[in-house]
Amino acid sequence: MKADKKETLRYLGYRGNMPDAQTEKLIEEVMEELEKSSLPKSVYCEFPCEVIGNKVKIGPFSVESNHLSKNLQGCEKAIILAATIGRSADLMIKKYSVINLAKASIVQAAGASAIENYVDEVEEEIRKNAEERGFYLRPRFSPGYGDFPLECQKEVFELLECNKRVGLTLTKGNLMLPTKSVTAVIGLTREKKQSCHQKNCSRCEKKDCEFREE
Amino acid sequence: MEFKERLGKEILFFDGAMGTMLQERGLQTGEIPELWNVTHEDTILDVHKLYLEAGCDIVKANTFGINPFKMEGTGYTCEELTQKGIALVKRAIAETGKKAYTALDIGSLGKLLEPLGELPFEEAYEAFKPVCIAGEQAGADLVLIETMNDTYEIKAAVLAAKENTNLPIVVTMVFDESGKLLTGADMEAAVAMLEGLRVDAIGLNCGFGPDVMKEFLPKLREVCSVPIVVNPNAGLPVVVDGKTCFHVGAEEFASIMTEIAEEGISVMGGCCGTTPAHIKALVESCKGKKPLEISDKGRSVVSSYTHAVVLNDRPKIIGERINPTGKSRLKQALRENDLEYIYKEALAQQDMGAHILDVNVGLPEIDEVAMMKSVLTGLQGITDLPLQIDTSDMEAMEQGMRLYNGKPLINSVNGKKESMDAVFPLVAKYGGMVVCLTLDENGIPETAEGRIRIAKRIIAEAERYGIHKKDLVMDTLCMTISTGQENAKITLDALDYVRNTLGVHTTLGVSNVSFGLPQRELVNTAFYTIALARGLSAGIINPNSEKMMAAYHAYCALNGSDEQCTDYINIYSQQADAPKKVSDKKEVTLYDAVVRGLIDSAYQAAKKELETREPLAVIDEDLIPALDKVGQGFEKKTVFLPQLLMSADAAKAGFDAIKEFLQAKGDTSESKGTIVIATVKGDIHDIGKNIVKVLLENYGFNVIDLGKDVPPETVVETAKEHHVKLVGLSALMTTTVVNMETTIKMLKEELPDCKVMVGGAVLTQTYADMIGADFYSKDAMGSVRYANELFEV
């Protein structure tokens, strides 16, 4: 899975500045090593979706969340998905933390970009399929965003058999390992005007974030 | 007849899916199927009966997901659900009057093991243990460890089954379309480890339908010397209306499986999506077929968690650098528990082309068992090379073999009875190739014949433990020619005979040959080339020596194992005319080297400065000003994170040079003060904290790094123990900031004078104030500034 160079630079805090030749070379090396070694895998499942007040029901899964219910307003169906680029980014970070800290930071950034790109790709596949059936996609929404509890990871994992199908595991604190992984809910709606492609940043509370995109 | 007696002699049939059958009978997605052993026992019983009627020989008990992590909070124990699961199969067998074996079915824990994950290997073992014990007690005939995608977890499960039961063990794994496990391990590596662990059968399950699995079988058969099991899905999973479906029907399934049977498979059955109809069709078309004879492939192989290294006509290199004998810097690292130095040595050797790394961490003044455990675990997160566990401490050897994720090389056993009695049982149990020293109770024979006699005795004794000579690597003992010039000849004659007449692989500690002579590399290189030509399979050498590596590559080109001299040409064609880079390195000052982030140059420049200047002057006038310049640029946003870190690494190399200089004089450098840093409990994102650590160390602080996922109590205890006045905490997630707050509260209660600085992605000044932190650092430089202010008062 390929990372995006511009995004990688953004995660590294470049804010539109160009890297010097030495850094650029490191970034290219890291991107190549990461692309060669990552093993992207995904699994997703479509369920009927029901929203009443702040209560959301997606197939057998239910949760109370204002933010998620807002996101899924008017959705007949929802997709729950899990994706990962595999362990290599984590291993590379471990390795480079010992011999080349700059590279470790670049793996961190490139890995973040690679998993985002990969999820975008999976989402595109979902979008095509949904559009053929007259559905539009809502922006993806992950456990841990807003008041969508991170504890829901457990159920998502059971539901999608994440461990068996894509090799994902959860820590005691419900974080995913390998770290460059994503779980998300994507609402499917018939109403085009309600579907939007807003960047996830606009919903985030951390207004002074270095990486915020408006 | 027992399962083991029939295994490999006739095709045996597993049943099909349990989950699929239960979903049809009302099991909800996300519901725990194993609880049905108690809540819906008639349903489970019926499913078993259907498979028995379909003609299967082995029934998988409904125990796949039983482990302490998944059963937590269900109100049931692993033991009772396991016993119930086995009992239901037994009952189904009795009630149908069929003959069949009961398999205790064990799946993944769903947790990632250390060093990448948070679950220690021994805890994984403990999680599998109660299920194994209960399963055997309830009457299981075999253990099936299935749907596994991580060799390390498999090893924990296999050991739990081996050490707590007498049951045969079958392991099946999920490979992806590239033929690798999700951990990146290839088939060869997984098979090497499992054969080493002496499992009874190895195979594939889940992931794919029979058509795709068929493609993997030639490769598997090529490397596998035990019976093979194939339990495919009924095709690829397809999701329809929130339900996972499989589309390969019974007839199609059976027809592809019949083709698979021709490949010599010993056990066949089904996984997700297969039904009694699939199994019935399968049994009807394949019953009575004989599996091909299973032959020992005779491969001499060690493996890591990703790949196997085969000893063959292409000699291999065992890197010798992680061995404290005669290396004072490594001794110091071991005494100071400086694992990072060891990791660097490992990566440097890997870069130079080593295939296997020797790991010897024995020093009289340290706890070798503990050190072996932590170094081996750590190395497996840093390098994917197979490791050689090198120790004379049997406890360290055994613990190392347990924790090793793969099939290790063991160094060593020798011809003494005591040694063979101790080492061979370990090799027979955990697997491994083992280096055998040709010496015995009477010492080292002074003739080649004497050493050959011992070699033969070792081979015969190993055979008694079921250790085939393919797993032995004979060391005919290299002694210095400075004490006896015939030494080289004796060693080489014995080596030649062992390899070419006895057909056993060989190794030597090559550099011993020149001990006591000047310009040792000259002798070493010549001896190495001769030894390779006489049959040295895997020499233990210093891969950082360019001359030794040149001898190696030239030899491989000459003996034809480097086909078309590809490697030789790749490595040496660019080097031929290029001027040595060293010349332009000399021009760079230490200050410039740090500012520009040139690691090697910074080290060299610092060494040079130390010839004429005091260490303190070098630090205060060059290193710190350079770091300051880069740090200021970073804060002004003219320098960016990777550059800041390159400079940090370069400065670190400069400080290393100073440390070495001081150490040689018997001095130590002074620290500005001690700071404890940690990523808080529940959080596993620690790269930011690691960056802060390096920067603080560069600015002269002694940093105690507690790592990630650190409980508040540990932070407080450490801060107390070292009387520190500053603690740094990091957290990335909103959910773990709570633990940061708890940690700060406890610190303030116990150590009111201790300051706390915090940082991490979700934090803001407001947030930091709210949780009672003394300082919020928005980036790594901020923490340096704060620490400097605090400690200069």
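Numbered from 1 within each chain, the chains take letters A, B, ... in sequence-line order.
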Interface residue of largest heavy-atom contact number with chain B, from A/V166, A/L150, A/D90, A/L91, under 4.5 Å: A/L91

field: Residues A/E32, A/K36: salt bridge by 4.0 Å N-O rule
entry: yes

Single hit among A/E7, A/E121, A/E35, A/E33 for salt bridge (Lys or Arg N to Asp or Glu O under 4.0 Å) with A/K2: A/E35

- prompt: So which part of A/L39 gets closer than 4.5 Å to some heavy atom of chain B, the side chain, the backbone, both or neither?
  reply: side chain

message: Please classify the contact between B/I382 and chain A as side chain, backbone, both or neither, with a heavy-atom cut-off of under 4.5 Å.
response: both

- request: Establish, yes or no, whether the cationic atom of A/K164 lies under 6.0 Å from the six-membered ring centre of B/F64 and within 45° of the ring axis.
  value: yes

- prompt: Given the options A/L26, A/I80, A/D20, A/T179, which has more heavy-atom pairs under 4.5 Å with chain B than any of the others?
  reply: A/D20

Derivation of the side chain to side chain contact (heavy atoms under 4.5 Å, CB included) call for A/K180 and A/Q108: CA-CA 9 Å; A/K180 297 292 172 263; A/Q108 177 72 19; 3.5 Å; yes

message: Under a 4.5 Å cutoff for heavy-atom pairs, which residue among A/S105, A/S88, A/P60 has the most contacts with chain B?
response: A/S105

message: So for B/P237, is it side chain, backbone, both, or neither that comes closer than 4.5 Å to the heavy atoms of chain A?
response: side chain

message: Can you tell me which portion of B/M733 sits under 4.5 Å from chain A's heavy atoms? Options are side chain, backbone, both or neither.
response: side chain

message: Determine whether B/D686 and B/T679 satisfy the following criterion, side-chain hydrogen bond (donor to acceptor under 3.5 Å, both in side chains), listing intermediate values before the conclusion.
response: CA-CA 6 Å; B/D686 64 346; B/T679 297; 5.3 Å; no

- prompt: Can you say whether B/I687 sits under 4.5 Å from chain A via the side chain, the backbone, both, or neither, judging by heavy atoms?
  reply: side chain

message: At a 4.5 Å cut-off on heavy atoms, which part of A/I106 comes close to chain B: side chain, backbone, both, or neither?
response: side chain

message: Under 4.5 Å from any heavy atom of chain B, what part of A/Y44 do you find: side chain, backbone, both or neither?
response: backbone

query: What orientation do A/H67 and A/F141 show, parallel under 30°, tilted 30 to 60°, or perpendicular over 60°?
result: parallel

task: Name the member of A/I93, A/N100, A/T171 that forms the most heavy-atom pairs with chain B at distances under 4.5 Å.
output: A/T171

- prompt: Which one, A/K94, A/K103, A/E155, A/M92, leads in non-hydrogen pairs under 4.5 Å with chain B?
  reply: A/K94

message: Please find the pair of heavy atoms, one from B/N690 and one from A/L101, that lie closest to each other, and give the distance.
response: O-CD2, 4.4 Å

Cation-pi geometry met for A/R190 and A/Y136 (6.0 Å, 45°): no

Part of B/L339 within contact of chain A (heavy atom distance under 4.5 Å): neither

Structural part of B/T183 lying under 4.5 Å from a heavy atom of chain A: both

